[in-house]
Amino acid sequence: MKNKIKLEQSWLNQLEDEFKQPYMQQLRQYLLTEKMNGKKILPQSSLWFNALNSTPFDKVKVVILGQDPYPTLGHAHGLCFSVMPEVKPLPKSLININTELMQDLQIDNSHNGCLQSWAEQGVLLLNAVLTVEQGRSNAHQGRGWEIFTDKIIHLLNSNKKSLVFILWGAYAQKKGVFIDQKKHFVIKSPHPSPLSAYRGFFGSKPFSRTNEYLKRVGVEGVNWQI
């Protein structure tokens, strides 16, 4: 996996040994076998590590945790909740994120679902699982990606300070349970999914709260407009 995929240098410095671990070797073999068996794996392999390549370790100031990529061909590009620029209509969770952003900061992103500009400002848009089989949500859960992404969160928690972790929904909150809330600012709310957004995601103001905290600790806020 490491041989074929370019990983941004500051992340490679942190994670190089992880690619040698048995679980990563097993994950690589699983993905190769699935591909050989004709399964379509999303996103394309060059985008599996797009979250890390777009947001170097040294530049991370906000972390948003997602679950796994969109299983629709042409949607996922390696950033959680984000879709390729040409995708219409937007996924429902992303529509709800845009609705909350409009209510929170009067920023209208309804025209575009590509969050690449967030990533390039230091917002790590990290899914727990970095691949999926086309048409089958959660198809690659339990295959090893979660161990890898737990390692990423542990590194950020231990080696950086004054990060904002945005944990939407029970899955993200469980994955981030060990984050040191004395060192970092953790924002928790229900998931933006249509099933749960009305239970407290709407009105949670994650975007303004993030920028207020960053300002307090002397870090430039995020321009959420895309």
Side-chain angles (χ1 to χ4, degrees), residues 1 4-8 11 27 31-32 34-35 38-57 59-102 104-105 107-141 143 145-146 148-149 152 166-169 171-172 191-195 197 201 206-207 210 222-226:
M1 196 180 292
K4 291 189 177 180
I5 300 197
K6 187 173 183 296
L7 195 60
E8 190 276 329
W11 280 112
L27 172 60
L31 293 170
L32 285 171
E34 289 288 279
K35 211 167 184 180
K39 303 283 181 66
K40 181 72 175 174
I41 295 172
L42 303 177
Q44 65 192 59
S45 59
S46 63
L47 294 173
W48 291 355
F49 299 103
N50 190 27
L52 303 180
N53 290 334
S54 298
T55 313
F57 182 83
K59 305 292 185 188
V60 176
K61 54 190 177 185
V62 181
V63 182
I64 300 179
L65 290 183
Q67 198 155 345
D68 73 336
Y70 295 115
T72 303
L73 186 66
H75 280 208
H77 65 119
L79 306 180
C80 72
F81 295 105
S82 182
V83 290
M84 299 290 265
E86 64 276 6
V87 170
K88 294 285 188 299
L90 300 183
K92 290 176 181 175
S93 291
L94 188 51
I95 290 172
N96 287 340
I97 289 169
N98 286 340
T99 298
E100 175 60 20
L101 180 58
M102 185 68 182
D104 185 8
L105 290 173
I107 291 173
D108 184 0
N109 281 350
S110 60
H111 60 289
N112 195 333
C114 182
L115 307 181
Q116 187 71 37
S117 68
W118 293 8
E120 290 168 4
Q121 293 178 74
V123 182
L124 181 66
L125 296 163
L126 183 68
N127 275 318
V129 177
L130 301 187
T131 59
V132 72
E133 182 185 334
Q134 183 179 342
R136 290 187 60 219
S137 291
N138 305 321
H140 294 173
Q141 278 198 354
R143 295 291 179 174
W145 280 126
E146 294 94 337
F148 182 72
T149 53
I152 290 168
I166 299 177
L167 309 179
W168 287 329
Y171 185 92
H191 195 276
S193 152
L195 299 173
F201 172 75
F207 307 103
T210 292
V222 178
N223 177 8
W224 300 105
Q225 180 76 60
I226 57 174

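Just the heavy atoms: all of them, side chains too, but no hydrogens, waters or symmetry mates, feed the values below.
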Are the side chains of [X] and [Y] in touch, meaning some heavy atoms are under 4.5 Å apart?
X	Y	answer
L130	F148	yes
Y70	V87	no
I64	C80	yes
I152	F57	no
I107	F207	no
V83	P91	yes
Q67	V129	no
L7	W48	no

Could you tell me whether a side-chain N or O of [X] sits under 3.5 Å from a main-chain N or O of [Y], the two making a donor and an acceptor?
X	Y	value
D68	V132	no
Q44	L47	no
W168	G66	no
W11	T55	yes

For the residue pair [X] and [Y], what are the closest heavy atoms and their distance?
X	Y	value
L126	T149	CD1-CG2, 4.1 Å
E8	L52	CB-O, 4.0 Å
L79	A119	CD1-CB, 4.1 Å
N98	L90	ND2-CD1, 3.5 Å
I41	E34	CD1-CB, 4.1 Å
L42	P69	O-CG, 4.2 Å

Exercise. Pick out which of Q121, Q116, E120 makes a side-chain hydrogen bond (donor to acceptor under 3.5 Å, both in side chains) with S54.
Key: Q116
Quiz item: For N109 and Q225, what are the C-alpha separation, side-chain angles and deciding distance, and is it a side-chain hydrogen bond (donor to acceptor under 3.5 Å, both in side chains)?
Solution: CA-CA 6 Å; N109 281 350; Q225 180 76 60; 3.1 Å; yes
For the atom pair [atom1] ([X]) and [atom2] ([Y]), what is the distance rounded to the nearest 0.5 Å?
X	Y	atom1	atom2	answer
H111	I226	NE2	CD1	5.5 Å
N96	F201	CG	CZ	7.0 Å
E146	L27	CD	CG	9.5 Å
S110	I97	OG	CD1	13.5 Å

Quiz item: So which pairs with a foot in residues 73-94 pass side chain to side chain donor-acceptor pair (under 3.5 Å), sequence neighbours left out?
Solution: H77-S82
Exercise. Check the angle between the aromatic planes of F81 and H191 and answer parallel, tilted or perpendicular using the 30° and 60° thresholds.
Key: tilted
Practice problem: State which residues pass side-chain hydrogen bond (donor to acceptor under 3.5 Å, both in side chains) with T131; sequence neighbours excluded, sorted by chain then number. | Solution: H140, W145
Practice problem: Please report the C-alpha distance between R143 and L31 in whole Å, then the side-chain angles of each, then the deciding distance to 0.1 Å, and finally whether the side-chain contact (heavy atoms from CB on, under 4.5 Å) criterion is met. | Solution: CA-CA 9 Å; R143 295 291 179 174; L31 293 170; over 6 Å; no
